[in-house]
Structures are given as C-alpha cells and as structure tokens.
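Structure first, commentary second.
What you see is a predicted model; the values in this text were computed from it and never measured. Position 1 is the first residue of the sequence, and the numbers go up from there.
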Amino acid sequence: MSVRRLAEDAVQPEGFKFNRALGAEAKVWIKKYPKGREQSAVIPLLMLAQEQEGWVTKASIEHIAEMLNMPLIRVMEVATFYTQFMLQPVGTKAHIQVCGTTPCMLRGSEELMAVCKSKISPNQFELNEEGTLSWEEVECQGACVNAPMVMVFKDTYEDLTPERLEEIIDAFEAGNGDSIKPGPQIDRIFSAPAGGLTTLNGKPVGKSAKAANSNAKEKTAKAADKPTRAAKPKQSTSLSDGTVKSPKENRVSADSVSAKNAAPAPGTAKKAAAAETTTAKKPATKSSAAKKPAAAKAAGPERLSAPQGAADDLKLISGVGPKLEQTLNGLGFWHFSQIAKWKKSDVAIVDDELSFKGRIERDDWIKQAKALAKGGEAEYIKVFGKKPR
C-alpha cells in the first residue's frame, strides 16, 4: 500500500469542532462501548468528521484524540491506514470513486476513468478549477454483478456507460445530484438478471412435472388408506331362543326399526305446520352480525391537493432536489409542517412511493423539516450548525 500522509499545512483549517447534530451522534457512538473502552469509537468519529468536512483534517484528528483521551499518534495511525478516509480536500459537490477491480475493468471501468479525466482532472485527487469535483480509482466496492460502477459519497451508481456517467457528473456539478436515483442505471431490479428472469418463471416441465404428479398420487393413496372412526357391522346376533341371524337379516330388522321410529305420531304434522306459521308471522329481529363495521379512517401522512398559502421551498431539506420537490408536491406535500408530522409508518409509505430505500431516515428529513417549520433558516442553523443545503 502506498504511503498516506496528511495534506499540506497550507490547506489545513485552523480548528475543528463537531456541529450540534454530529456532536450528539458522536456522543451516542462513544456510549456504545464499555467504560474504559471508549477509544473503540475512533473509526465512527473519524467518519463523522469526514461527513462534516468532506475530508479528515489534522484539526479533526487532534479533536477526536482529545475527546477519546487517546494519544494523537494512535488516531493518526487509524486515519492514515484506512483508505476510506480522505486525507486531503475533495470536491465539495462530488468525489467520484471509480471501481477498477477485474469485473468492473472487464466491463468498461477504464472508459469511466477516461470520462473523469476529461471532465474533472487528469490526475486523481486533483480538484477541478471550481473545487467542486474530484475523483479516484478504488478497489472492489461489492457490486460486481452490476459492473461497472462508481460511488459518490455514500451512494453507488451501477451498470454505467461513459455517457451515463457524464450525465451524473453534470447533475452533481449543477447541484442536482439528488435527482439521480442510486443503484442500477439500466432497466434492472437491483442485482436481478438484466433483461428480466429467464429461469424458474413458469410451470415445471420434464422430470420436475413427473415428480409433482407422483407426489400428488402418493398423497391421494395415503388419504384413501387413512382409517376412519365409523363402527364396523356385527357379523351375527343371537336371539333368546338360541337361533342366530345372518348379517343380512340383522340389516332388515334394523331398517324396520328405523322406519318405525321415523314415522310421526298422530297429530304431530299438524302441530309442526302451526309452529312454522307462527314463526313466519314473527318479525325478524336485528342481528348484531348484520351491522356494518364503521368505515376505517384513512391511513397515511397528511396530504393537500394544493398548498395552503405559499408553498414552502422543500429544496432547503438536504436530500431534496428540484425534481424530487415536484414529486413531493405531486404526492400532496407542500409544507415543512407536513413532513415534520410524519410518523414511522408515514415514512415507510412515502419511502415506498419514492423508491428511496431509506434515504428519508438517513438524511433525517423530519428533523430538518421541524427546524425549518419552527424558525426557518435561523432555526436550522441553530440545530445543525450550518445553512440549509
């Protein structure tokens, strides 16, 4: 592995401090470890520092060492060992990590790197003129079946062509990266076969069909052999005079008795007819079972057919771009106050409608919306330590 060093002092900021939100998250991570083992939180804290600054600065390493009561050199060792930590400034809008491992290389990752060289910079880790974009080649990122692929911050974009990567880079450069849906960029569901299923999508044929028929016959045979609880007929019956009746004679006698028992007593038929007439005249009573259940209240988040007054600028929520704002408006969401009221069940419904795979919770839309609904940009800065977007 190549030697990894901290960036030059000329680009290092003077100090570092976690903002309010990430500072609280850092404390949560520290509490996850037993007393005396808090230093085990060093990697999560370095990741939080990188999430806030875009890269791991010298000042952030010093701050984390102080938080964990840990020797500075120990934190330096961790930060310089793991390549997931950026030790120098990267693009403020996007840092493109292109997978160059064999599966991606065989399917065109070198062409993707050529796009990065032409649109961003000829050299890895070198910022473009505006300082908004940078790129690097990395090892396997775990989506080989969807090769070639890139990663931008926390999201992966797979099944890429050079033309599609150019469109993605342009979208991030314009500040519209959230309009690009992560995952496969072709008509494919996650890692399912490209072009749709080709096997196990019909009725069994050949040996499989024969096996299914054989199993059905076995089940039928077993059901026929299953013993019943019906009493077996007696073979013979002895009379008081010592004679023995055959089974056939027993059957005749039993039938005669049954017929005699079945015959109604005199006057019984008239009584039954009178009872039926009386029953028919009685009015039918209301049955509790006939009552219709009360209509269930509509479930899901509050939706509006139109904004109440002026619509809020939902793009102030980190993770919502212009296209996504239009989609949310189309679903009936116009105001921060609506999103602020979402419950966990509401998030699941909207997440499914947007096909966002947990981004609402990951970017904490509800907390952002509550701050914006309460006091606008000033309250947002107070809560998160930075301006919206």
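Taking E302 as the reference, K341 meet the salt bridge (Lys or Arg N to Asp or Glu O under 4.0 Å) condition, with sequence neighbours excluded. Partners of E167 according to the side-chain hydrogen bond (donor to acceptor under 3.5 Å, both in side chains) rule, which considers only residues two or more places apart in sequence or in another chain, are R164. Residues that satisfy the ring pair (Phe, Tyr, Trp, His ring centres under 6.0 Å) test with F336, not counting sequence neighbours, are absent from this structure. Among residues two or more places apart in sequence or in another chain, the side-chain hydrogen bond (donor to acceptor under 3.5 Å, both in side chains) test is passed with E173 by T132. A search for side-chain hydrogen bond (donor to acceptor under 3.5 Å, both in side chains) contacts involving S179 returns nothing, not counting sequence neighbours. In this view, D346 satisfies the salt bridge (Lys or Arg N to Asp or Glu O under 4.0 Å) rule with no residue, not counting sequence neighbours. Legend: residues meeting side-chain hydrogen bond (donor to acceptor under 3.5 Å, both in side chains) with D159, ordered by chain and number and at least two apart, are N146, R188.
Q338 contributes a side-chain N or O that, together with a main-chain N or O of G332, makes up a donor-acceptor pair within less than 3.5 Å. E353 places no side-chain N or O within donor-acceptor distance of the main-chain N or O of L328, the cut-off being under 3.5 Å. A donor-acceptor pair under 3.5 Å links the side-chain atoms of N19 to the main chain of A21, judged by distance alone. With R4 contributing its side chain and T80 its backbone, the two residues share a donor-acceptor pair below 3.5 Å. Between the Q50 side chain and the Q84 main chain, a donor and an acceptor come within less than 3.5 Å of each other. Without hydrogens or angle criteria, Q52 side chain to K17 main chain gives a donor-acceptor distance under 3.5 Å.
Among residue pairs with one or both ends in residues 58-69, those qualifying as side chain to side chain donor-acceptor pair (under 3.5 Å) are T57-S60; sequence neighbours excluded. Residue pairs that meet the side chain to side chain donor-acceptor pair (under 3.5 Å) test with at least one member in residues 323-335, sequence neighbours left out, are K315-E325.
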Check the pair D155, R362 against salt bridge (Lys or Arg N to Asp or Glu O under 4.0 Å), reporting the backbone distance first and the verdict last. CA-CA 12 Å; D155 293 318; R362 187 165 68 244; 3.5 Å; yes
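There is no path of hydrophobic side-chain contacts, each under 4.5 Å, that joins V56 to M86. By the criterion of side-chain heavy atoms lying less than 4.5 angstrom apart, applied directly or through intervening Ile, Leu, Val, Met, Phe, Trp or Tyr residues, L331 is not grouped with L304; the two fall into different hydrophobic clusters. The cluster map of Ile, Leu, Val, Met, Phe, Trp and Tyr, joined by side-chain heavy atoms under 4.5 Å apart, puts L46 and V138 in different clusters.
The two atoms that bring L127 and G91 nearest to each other are CD2-N, 3.4 Å, heavy atoms only. Shown here for P44 and Y33, the closest heavy-atom pair between the two residues is CG-OH, 4.4 Å. What you find for G15 and A59 is that their closest heavy atoms are C-CB, 3.6 Å. Listed here is the closest heavy atom pair of A65 and L72: CB-CA, 4.0 Å.
In this structure, M151 stands alone, with no Ile, Leu, Val, Met, Phe, Trp or Tyr side-chain heavy atom under 4.5 Å from its own, directly or through other members. V150 belongs to a hydrophobic cluster with I96, V98, L112, M113, V115, I120, L133, W135, V152, F153, Y157, L160, L165, I168, I169, F172, I180, counting contacts under 4.5 Å between side-chain heavy atoms of Ile, Leu, Val, Met, Phe, Trp and Tyr, direct or through other members. Cluster note: M149 groups with no other residue, as no ILVMFWY side-chain heavy atom lies under 4.5 Å from it.
Under the 4.0 Å criterion applied to side-chain N and carboxylate O atoms, K367 and E25 are not assigned as salt-bridge partners. Salt bridge E51/K154: present, at least one basic N to carboxylate O contact under 4.0 Å.
Y380 and F384 have tilted rings, their planes meeting at an angle from 30° to 60° on a 0 to 90° scale.
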